[in-house]
Structures are given as C-alpha cells and as structure tokens.
Amino acid sequence: QIASLYSQIGKMYYESGEYDPETTLGRLCIAIKASFDRIAKHTEEIRQIKGTMRCPNCGEDIPLNSAFCGVCGTRIEQTAGFTPTAAAAKTCASCGAVVPEGSMFCTGCGQRQ
C-alpha cells in the first residue's frame, strides 16, 4: 500500500506541472516528459508506416482516408476525398468500398457490417 501511495504522490506531482527544473525531482519530471514525447513521436511514425490514423472518438487505429471509423462508426473529417486502402478483405454491400478485416462499420459510408 505504501508503494502505491508513493506512486500516486509522484504522479500527482508530475501532472501538476509545478516543479522546479533546477531540482532533482524537476529534472526527473522533465525526463519523463521527454520520454512521453519520444513515445508519441514514434507512435505517429508507426501509424504512418502502417498507413493508419487515430480515430478522434475511440482512439483506435483506422486506415488513412477512412470516411468513418470501422470500430465505433464515427464520421472522420478529411481534407481529401475518400480513397479505399489496399489492405482490406471485403467490400461494403451498401457503397462498395473496401472494408478492413474486423471492422464493424464501413469506412466509406458508415454502414454497420
């Protein structure tokens, strides 16, 4: 229980953002932030390599240029028109768009699959 409380205190201190960078604790908090930043950068690089993006509603990775999230069905705003991705296993009976394997919703029209 003590270890858990110590961990909670440390997390609260870090998340407060009110640490002095000249102190040991402040330097550790800065190192944690730098690690989170590197993780976010690499995660985005992985998404680009895989040809995916993050759904703004549920956070799942979905194919680039999806008009709808295949997991939660949320409409995805795009700057360019919808283009189906090559890594799909079936087509939507409603609109004919390719639908990624395991998707519950069509990424082209949003129809439940």
Side-chain angles (χ1 to χ4, degrees):
Q1 185 180 16
I2 292 172
S4 174
L5 293 171
Y6 276 145
S7 179
Q8 290 175 37
I9 290 168
K11 187 175 180 186
M12 288 173 58
Y13 178 73
Y14 169 77
E15 289 176 348
S16 76
E18 298 178 10
Y19 40 82
D20 180 357
E22 298 300 317
T23 65
T24 301
L25 287 176
R27 288 189 292 275
L28 290 173
C29 289
I30 290 168
I32 290 170
K33 169 116 176 57
S35 294
F36 279 132
D37 290 346
R38 281 192 308 276
I39 290 169
K41 178 182 175 225
H42 293 311
T43 300
E44 187 55 36
E45 289 171 349
I46 291 168
R47 282 190 184 108
Q48 289 178 5
I49 291 167
K50 290 172 53 180
T52 63
M53 64 182 176
R54 188 168 185 244
C55 172
N57 182 55
C58 70
E60 289 293 320
D61 283 349
I62 58 175
L64 284 175
N65 299 322
S66 294
F68 292 86
C69 175
V71 177
C72 70
T74 297
R75 183 169 187 69
I76 307 297
E77 298 299 323
Q78 295 287 330
T79 55
F82 173 74
T83 54
T85 58
K90 60 184 176 180
T91 59
C92 175
S94 178
C95 74
V98 289
V99 179
E101 185 68 35
S103 290
M104 293 177 50
F105 297 89
C106 174
T107 56
C109 70
Q111 184 70 32
R112 188 169 186 81
Q113 298 296 299

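- In this structure, the side chain of Thr23 engages the main chain of Gly26 through a donor-acceptor pair within 3.5 Å.
- Between Gln113 and Ser103, the closest heavy-atom pair is CB-O, 4.0 Å.
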Item to check | side-chain contact (heavy atoms from CB on, under 4.5 Å) evaluation trace for Cys55 with Cys72 | outcome: CA-CA 9 Å; Cys55 172; Cys72 70; 3.8 Å; yes
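- Using a 4.5 Å heavy-atom cutoff, the side chains of Ser66 and Met53 are in contact.
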Report all side-chain donor-acceptor pairs from residues 13-21 shorter than 3.5 Å, counting only partners two or more places apart or in another chain.
unit_1	atom_1	unit_2	atom_2	d
Ser16	OG	Tyr13	O	2.7
Ser16	OG	Glu18	N	3.2
Asp20	OD1	Glu22	N	2.9

Would you mind writing out the side-chain donor-acceptor pairs for residues 57-64 within the sub-3.5 Å range, not counting sequence neighbours?
unit_1	atom_1	unit_2	atom_2	d
Asn57	ND2	Thr74	OG1	3.2
Asp61	OD1	Arg47	NE	2.6
Asp61	OD1	Arg47	NH2	3.4

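- Sorted by first and then second residue, the salt bridge (Lys or Arg N to Asp or Glu O under 4.0 Å) pairs involving residues 27-37 (not counting sequence neighbours) are Lys33-Asp37.
- Residue Tyr6 is found in a hydrophobic cluster whose other members, listed by chain and number, are Ile2; membership requires side-chain heavy atoms under 4.5 Å apart, directly or through intermediates.
- Legend: residues meeting side-chain contact (heavy atoms from CB on, under 4.5 Å) with Leu5, ordered by chain and number and at least two apart, are Gln1, Gln8.
- Following chains of ILVMFWY side-chain contacts shorter than 4.5 Å, one cannot reach Ile46 starting from Phe36, and the two form parts of different hydrophobic clusters.
- Nearest heavy atoms, Gly108 versus Ala67: O-CB, 3.4 Å.
- Between Val99 and Cys92, the closest heavy-atom pair is CG2-N, 3.7 Å.
- With sequence neighbours excluded, no residue forms a side chain to side chain donor-acceptor pair (under 3.5 Å) with Arg112.
- Members clustered with Ile39: none, using a 4.5 Å side-chain heavy-atom cutoff among hydrophobic residues.
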